[in-house]
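What follows is a single structure, and I will ask about it in a moment.
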Number of protein chains: 2
Amino acid sequence: MTEFQPPGRLVTLADVAREAGVGESTVSRVLRNHGSYSKRAGERVAEAVARLGYVPNRLAGSLAGASTGTGTGLVGVVIPSLANVVFPDLLRGLTGALDGTGMQSVVGVSEYDAEREEALVAALLSWRPEALLLTGLEHTAGTVTLARASGVRVVEMIDTDGEGIDTVVGFSNRAAGQASARHLLARGYRRIGYCGHDPSADLRASKRLAGFEAALAEAGTALAEREIRPGRSSAASGRAGFEALIARRPGLDAVYFSNDDMALGGWFACLSLGLAVPERIALFGFNGLDFAEAMPQPLSTVRTPRLEIGRRAAACLTGTGPARIDLGFTLIEGATA
Amino acid sequence: MTEFQPPGRLVTLADVAREAGVGESTVSRVLRNHGSYSKRAGERVAEAVARLGYVPNRLAGSLAGASTGTGTGLVGVVIPSLANVVFPDLLRGLTGALDGTGMQSVVGVSEYDAEREEALVAALLSWRPEALLLTGLEHTAGTVTLARASGVRVVEMIDTDGEGIDTVVGFSNRAAGQASARHLLARGYRRIGYCGHDPSADLRASKRLAGFEAALAEAGTALAEREIRPGRSSAASGRAGFEALIARRPGLDAVYFSNDDMALGGWFACLSLGLAVPERIALFGFNGLDFAEAMPQPLSTVRTPRLEIGRRAAACLTGTGPARIDLGFTLIEGATA
DNA sequence: TTGAAAGCGCTAACAG
DNA sequence: CTGTTAGCGCTTTCAA
């Protein structure tokens, strides 16, 4: 298939230089279109590259360029999970914005474990990324030390409820919880239950709940009941949780879910149990996922700017100085609450 | 906070060696726990590392180790999208299996564009990964050439309907389509419609449909109607597509959807329109997503081994010789068809 | 416009 | 067990 005798080792820049009959530095200049070179040199190099199927070695390139500030073009990203759409969405906004800038993200998944996050940060930093994107504001002391010492820009995404290391891009989960509670209160619901997934991992869900309860307290009331399910959120978990909740406290007139997946499960349960929504019981979610608005009764929820957070985080990489960007959220007045 | 004067530049292995009062190679040996060194050397190095906050530079390490076969510990991955749960699930299986092996995946998103995939492959290969994981079997000639020339193991995930470059891990989308059709036929449905998202991008959906139609043809029948929606799949798209389909052909007795998200939208439409499922009309999806079994009527669908594909792909990285692993799929007899 | 040469930070022989 | 030394493949002065 190939017309030339491939060398046992991979083709190097030196091979290209020899093939093109020019010096190595000339090849380097041509390849990066940096510095000046003759048209003829450019052509010969291009030909040689094509002929040999040369693929630059960025390990070497970045190492050599490191001394003079030429970056690796890498950005290290740590997200807690891939099982919750929120984070792929975040990555989607990020990679979309990075696309064409020549930057490449390297992502690690912490599974909501701060220790693992620290290990990932250390591993990512060893590739000398130009920036570090973390999720949330809660990290181990080691993570913070590593991040600071690395000298690279650090962007913490999603959560703005607290102090950041450097730049923070997100929204207030606490405020989202408060807004949700106020909405339910304004609609007249008073016997409100909470149905959530395991909060020990998802600190942001806890912050929402805290905000929710604070708003209830402000109004002189409180959560009538709560059901916390082990494991990650899902429609199945939401369904089971709702059923448990309503069995224990049939008098509830509204349920606040830890997110839309859980709420969908709750809605499924209402359908099965023949509970009219929202007349008999109201449902409220969080995230504003795709399916929410396609439901026969659009789900009442809070839409979060997930893609935008990713995009803005990407924009911050080149930005100057620490920033604190609150992108807010949108309360969706659906038909379930 | 830090107790020592940080150098302007990042701490290097040479700094650690000086601080520990040993040679550089000793530090290297200690750090990688490779070769032998005295207990005392180990301790002194560990102290120095901690004191200086040393983070190894893997660019340099991998470059130096390259000549002797020490790899980068990187695996390049290209997926078509992050917007469809399928691919994050794939990554989840993959990173889960890679976790603890010291391997780190670097992923690129092609947005279902073969040209972009080629560019990503070239970019990823420039980091000298130890393996390349691609999605599907359809690539540009350039991608194939690059992959072959790189000399690294190539694993193509998800689709087994065709020839692979090297190793293939997945299931037959065509067979999944066939199985779905046979299920509907066996249940007595004869006026079957198809509701799908844009197939120009998602070739695997097209393969499923081809299998589906082939099975219908075998039974001497054919698709009664089809509705193809532009853009990516979603419940909203499925709902709109189903409504268009049923308006055009009210006589349909079953609808095959390009995936579960679309099918969920169809089910929502049935609820809104008051069409009894499956008595008046049956619905059939694809993927076997979480929510499918939590529905009041569990969705009839085909469950795909997404996580397992990722895991097996990871396992193949160390495997020997090309392989062709068909993980199959499971037809879920839900209550909608 | 170009090539020669000196590293980038690390690993891996090779002597000691 | 340990230090010295020679690169890994590339970028970047610096002269020419």
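Chain A is the first sequence line, chain B the second, and so forth, proteins listed ahead of strands; every chain is numbered from 1. Note that the structure is a prediction, hence the values are computed from the model and not measured.
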Length of the OH-C1' vector between Tyr54(A) and dG9(D), whole Å: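 It is 7 Å, rounded to the nearest whole Å.
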Between dT5(D) (C1') and Arg29(B) (CZ): distance, integer Å: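 So the two atoms are 13 Å apart, to the nearest Å.
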- prompt: Mapping Ala41(B) and Arg58(A) onto DNA chain D by nearest heavy atom, which one lands closer to the 5' end?
  reply: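 Looking at the nearest nucleotide for each, Ala41(B) comes out on the 5' side.
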field: Whole-Å gap separating P (dT12(D)) and CD (Glu24(A))
entry: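 Atom-to-atom, Glu24(A) to dT12(D), this comes out as 14 Å.
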query: Picking from dT2(D), dG9(C), dG9(D), which would you name as closest to the side chain of Ala60(B)?
result: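 Output: dG9(C).
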field: Selected nucleotide, minimal atom distance to Arg32(B) side chain, candidates dG3(D), dC10(C), dT11(C)
entry: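 Nearest nucleotide to the side chain: dT11(C).
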task: Would you classify Thr70(A) as touching base, sugar-phosphate or nothing, given that sugar-phosphate means primed atoms plus P, OP1 and OP2, and contacts are heavy atoms under 4.0 Å?
output: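 Sugar-phosphate, no base atom in range.
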- prompt: Is the phosphate of dG7(C), meaning OP1 or OP2, less than 4.0 Å from a side-chain N or O of Ser67(A)?
  reply: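 The answer is no; no side-chain N or O of Ser67(A) sits under 4.0 Å from OP1 or OP2.
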message: Consider side chain to side chain contact (heavy atoms under 4.5 Å, CB included). Of Leu203(B), Thr135(B), Asn84(B), Ile79(B), which one does Tyr112(B) pass it with?
response: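 Single pass found, and it is Asn84(B).
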task: Consider only side-chain N and O atoms of Ser25(A) and Ser28(A), and report whether a donor and an acceptor are under 3.5 Å apart.
output: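 The criterion, which ignores hydrogens and geometry beyond distance, is not satisfied for Ser28(A) and Ser25(A).
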query: Where the side chain of Thr68(B) is concerned, which of dG3(D), dA13(C), dT11(D) is the nearest nucleotide?
result: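 Per side-chain heavy atoms of Thr68(B), the pick is dA13(C).
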- request: Answer with base, sugar-phosphate or nothing: what part of the nucleic acid does Ser36(A) contact at a heavy-atom distance below 4.0 Å?
  value: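 If one applies the 4.0 Å heavy-atom cut-off, Ser36(A) turns out to touch a base.
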message: If I take atom CZ in residue Arg9(A) and atom P in nucleotide dG9(D), what distance separates them, rounded to the nearest angstrom?
response: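 Rounded to whole Å, this separation is 7 Å.
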message: With a cut-off of less than 4.0 Å, is there a side-chain N or O of Ser62(B) near OP1 or OP2 of dC8(D)?
response: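 For dC8(D), neither OP1 nor OP2 has a side-chain N or O of Ser62(B) closer than 4.0 Å.
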task: Take atom CZ of Arg40(A) and atom P of dT2(C), then tell me their distance rounded to the nearest Å.
output: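 One finds 9 Å between P of dT2(C) and CZ of Arg40(A), rounded.
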query: Does the side chain of His139(B) come under 3.5 Å of the side chain of Glu117(B) through a donor N or O and an acceptor N or O?
result: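 Indeed, the side chains of His139(B) and Glu117(B) share at least one donor-acceptor pair under 3.5 Å.
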query: Considering only side-chain heavy atoms of His34(A), which listed nucleotide, dT12(D), dG3(D), dT2(D), is closest?
result: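 In terms of side-chain proximity for His34(A), the closest of dT12(D), dG3(D), dT2(D) is dT12(D).
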- prompt: Base, sugar-phosphate alone, or nothing: which one does Thr12(A) contact when heavy atoms must sit under 4.0 Å apart?
  reply: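 Touches sugar-phosphate only.
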message: Using only modelled atom types and a 3.5 angstrom limit, is any donor from either the side chain of Ser25(A) or the base of dG3(C) paired with an acceptor on the other?
response: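 For Ser25(A), whose side chain was compared with the base of dG3(C), there is a donor-acceptor pair (under 3.5 Å).
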- prompt: Does dC10(D) have OP1 or OP2 sitting under 4.0 Å from an N or O in the side chain of Ser28(A)?
  reply: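 No, no such contact exists.
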field: Atom pair distance, as rounded to whole Å: CG in Leu63(B) and P in dC8(D)
entry: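 After rounding, the reported distance stands at 9 Å.
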message: Just so I know, are the side chains of Val107(B) and Leu124(B) near enough to count as touching, which here means a heavy-atom distance under 4.5 Å?
response: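 Val107(B) vs Leu124(B): side chains apart.
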query: Given the rule in the side chain to side chain contact (heavy atoms under 4.5 Å, CB included) test, do Val55(B) and Trp127(A) qualify, once you have shown the distances and angles that lead to the verdict?
result: CA-CA 10 Å; Val55(B) 175; Trp127(A) 290 108; over 6 Å; no
field: Atom-pair distance (NZ on Lys39(A); P on dT2(C)), nearest Å
entry: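 Taking atom P of dT2(C) as the reference, NZ of Lys39(A) is at 13 Å.
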task: Can you figure out which of dG3(D), dG7(C), dT12(D) approaches the side chain of Ala64(A) most closely?
output: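 Nearest listed nucleotide: dG7(C).
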- prompt: Leu13(B) CG to dA12(C) P: how many Å, rounded?
  reply: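 Distance, rounded to whole Å: 12 Å.
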task: Applying side chain to side chain contact (heavy atoms under 4.5 Å, CB included), run through Val22(A) and Tyr37(A) and close with a yes or a no.
output: CA-CA 11 Å; Val22(A) 300; Tyr37(A) 53 87; over 6 Å; no
